[in-house]
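Have a look at the structure below before the remarks.
Counting begins at 1 with the first residue of the sequence. For ligands, and for the atoms within them, numbers begin at 1 and follow the listed sequence.
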Amino acid sequence: MTIQDKLSQLPQVDEFLKSAHGRRWLETYHRKIVIRSIREAIDSRRREILAGGDPDVSIDAVAGDTEDAIRRYSAYKLKPLINATGVVIHTNLGRSILSGRAVENMVAVAGAYTNLEYDIAAGRRGKRYSHIKDIIRELTGAEDAVVVNNNAAAVLICLDTFARGREVIVSRGELVEIGGSFRIPEVMKAGGAVLREVGTTNKTHLYDYENALSADTALLLKVHQSNYKVIGFTEEVSIERLAQLGRRSNIPVMADLGSGCMVSLEKYGIYDEPTVQEVVRQGADLVTFSGDKLLGGPQAGIITGREELIREIQKNPMLRAVRVDKMTFAALEATFMQYLDEEKAVRDIPTLRMLTQPVKDIKKRAGRIYSLLKKAVAGRAEMEILPEQSRAGGGSLPEAGFPTFVLSVRPLKVSVNTLEERLRSGSPPVIARIKEDALLIDARTVQDREVKILTDCIIAAFGD
Ligand SMILES: *Cc1c(COP(=O)(O)O)cnc(C)c1O
């Protein structure tokens with residue numbers, strides 16, 4: 001057969017669509033995607049023929065490739081995956097996963113109209129921020145609150161509202177960078193404020209702030225050293241003392257907490273994190289924190305503080321540009337409600353649960369993963385359960401290493417990089433880390449409901 005003859009045997013797109021395969025696909029998938037996939041599969045056979053090959057070009061033979069392409073094009077680009085890195089608040093993996101309650105509440109409001117800006121009792125227009133105010137007030141002790149898109153936006157809008165064209169005093173020990181694009185000096189510029197640095201990297205005294213005060217001072221800002229620690233010969237001024245200075249000089253004190261921890265984690269051996277309630281009690285006039293770090297909720301920036309200051313922020317037209325939607329409110333309100341019972345919060349909010357779970361429970365989960373894999377990968381990998389350290393991530397608790405247990409998988413017939421790559425491109429993707437020539441599956445961040453799926457993925461990655 002000549003190349004011409006072979007080419008003429010390639011199926012036509014129309015023929016394909018009318019076949020049993022085509023009719024079945026059209027019932028489930030978008031027509032555009034089906035056609036694109038058929039064309040692609042036919043084209044690849046055409047290229048094979050032109051390169052001298054003799055592929056089977058019957059519709060049945062081409063259907064497999066076509067279906068793979070249809071699946072690939074129909075899959076969403078943003079998708080759930082399994083985090084086996086042990087990093088609990090992994091910014092690249094979407095930070096916190098939501099509690100069941102938060103998810104339920106989001107689903108409940110998602111497909112329905114809501115009273116987002118409607119006062120049901122009065123039968124007229126209401127306020128977007130009213131729903132969340134009472135619960136935040138009750139939990140933090142602050143007078144009022146407003147919620148924006150993320151903590152970066154929270155800091156920005158505070159600067160824009162109170163310090164545009166004026167000075168903000170910050171210690172040199174707190175000029176932090178968080179994840180590349182959030183750097184205090186740059187945020188200051190973007191917020192139109194003039195940064196007035198005081199003190200040194202390791203030591204800042206109250207008199208440093210006092211000496212810098214002027215008629216131009218708009219804010220005293222304290223930034224929580226979320227992702228690093230200055231140790232040794234150091235001194236910083238507490239919120240309490242800064243707040244006293246602020247009151248004496250009639251200048252608001254703002255604390256950017258970053259993580260926004262709502263329960264004391266000391267009984268779990270985590271000491272570094274001040275709670276929002278403490279900082280409010282110590283007299284900060286404005287406190288900002290993230291929704292999706294230690295709080296364990298959706299991406300959001302929460303600003304709590306004195307009523308008249310929050311009112312000023314609500315009058316700022318920029319608030320419209322950073323406002324949150326009903327989905328965020330739904331998830332955030334449900335998450336906050338869970339904090340009414342601290343013990344339940346620690347148990348039911350995944351971020352807190354993962355950070356505080358007893359190491360013996362993690363070891364047990366690693367053991368379950370091991371036993372589900374043992375037979376299936378026999379002869380293809382050496383496996384053992386090892387003690388390791390996980391991290392909080394998300395710029396939270398930089399010093400704390402969390403003792404954990406990992407399943408170490410040392411593949412014998414493929415390289416560890418190949419195994420890692422196959423797991424990453426599987427469905428669902430599994431993200432794990434490589435140490436020397438072993439793949440480490442950290443059981444801390446694997447959810448119980450994911451164990452079976454995870455082991456199926458690993459077995460599939462070994463399959464030839
Ligand atoms: C994380 C963090 C931010 C930024 O918060 P996002 O929610 O990521 O916008 C700002 N300040 C501090 C101190 C942080 O830790």
Side-chain angles (χ1 to χ4, degrees), residues 87-98 132 136 145-160 163 168 170-191 193 195 204 219-230 236 239 242 253-262 265 270 272-276 278-280 284 286-305 313 318-319 321-325 327-329 331-332 335-336 351 355 391-400:
V87 180
V88 176
I89 309 171
H90 199 307
T91 299
N92 298 156
L93 305 186
R95 290 206 182 150
S96 284
I97 60 177
L98 296 177
I132 205 94
I136 297 181
V146 64
V147 177
V148 294
N149 186 50
N150 56 16
N151 189 36
V155 174
L156 256 178
I157 198 159
C158 288
L159 294 175
D160 186 79
V168 177
V170 190
S171 159
R172 289 199 171 89
E174 297 171 9
L175 298 176
V176 307
E177 168 177 317
I178 286 131
S181 51
F182 185 92
R183 310 173 97 189
I184 289 293
E186 280 154 34
V187 170
M188 224 37 106
K189 229 179 257 160
L195 170 63
T204 303
L219 272 181
L220 299 173
L221 173 62
K222 190 143 174 72
V223 184
H224 182 53
Q225 301 170 341
S226 311
N227 53 4
Y228 73 108
K229 199 92 206 162
V230 182
E236 59 174 315
I239 296 272
L242 214 52
V253 172
M254 169 173 159
D256 173 21
L257 276 188
S259 278
C261 188
M262 298 281 296
L265 296 174
I270 301 167
D272 289 343
E273 220 37 56
T275 63
V276 178
E278 269 163 21
V279 174
V280 170
L286 286 166
V287 182
T288 64
F289 57 97
S290 287
D292 54 359
K293 290 185 181 171
L294 284 174
L295 188 72
Q299 178 189 305
I302 297 118
I303 311 173
T304 64
I313 295 171
M318 208 174 90
L319 186 63
V322 292
R323 78 180 184 187
V324 292
D325 70 339
M327 311 280 273
T328 302
F329 275 123
L332 202 57
T335 305
F336 273 128
T351 296
L355 285 172
R391 308 221 73 88
S396 305
L397 314 170
E399 274 195 308

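- Taking the side chain as every heavy atom from C-beta outward, Pro298 and Asp292 never approach each other to under 4.5 Å.
- Remark: the Glu273 side chain and the His224 side chain contain an N/O donor-acceptor pair separated by less than 3.5 Å.
- Side-chain contact check for Leu294 versus Ile89: some heavy-atom pair is nearer than 4.5 Å.
- Of all the heavy atoms of Asn151, the ones lying under 4.0 Å from any atom of ligand 1 are found in both the backbone and the side chain.
- Using a distance-only test at 3.5 Å, with no hydrogens or angles considered, no donor-acceptor pair links the side chain of Thr328 to the main chain of Val324.
- Close approach of ligand 1 to His224 (heavy-atom distance below 4.0 Å) involves ligand atoms 13 (C).
- By the 4.5 Å heavy-atom criterion applied to side chains, Met254 and Lys222 are not counted as neighbours.
- Here's the thing with Lys293: one of its N/O atoms is less than 3.5 angstrom from an N/O atom of ligand 1.
- Contact of the Arg95 side chain with the Ser290 side chain is registered, since non-hydrogen atoms from C-beta on lie closer than 4.5 Å.
- The closest approach between a heavy atom of Asp256 and any atom of ligand 1 is below 4.0 Å.
- Interface of Ser290 with ligand 1, defined as ligand atoms under 4.0 Å from a residue heavy atom, comprises 5 (O), 6 (P), 7 (O).
- Residue Ala152 has at least one nitrogen or oxygen atom sitting less than 3.5 Å from a nitrogen or oxygen atom of ligand 1, judged on distance alone.
- Within the 4.0 Å heavy-atom cutoff, Arg95 counts among the residues contacting ligand 1.
- Contacts of Gln299 with ligand 1, taken as heavy-atom pairs under 4.0 Å, are absent altogether.
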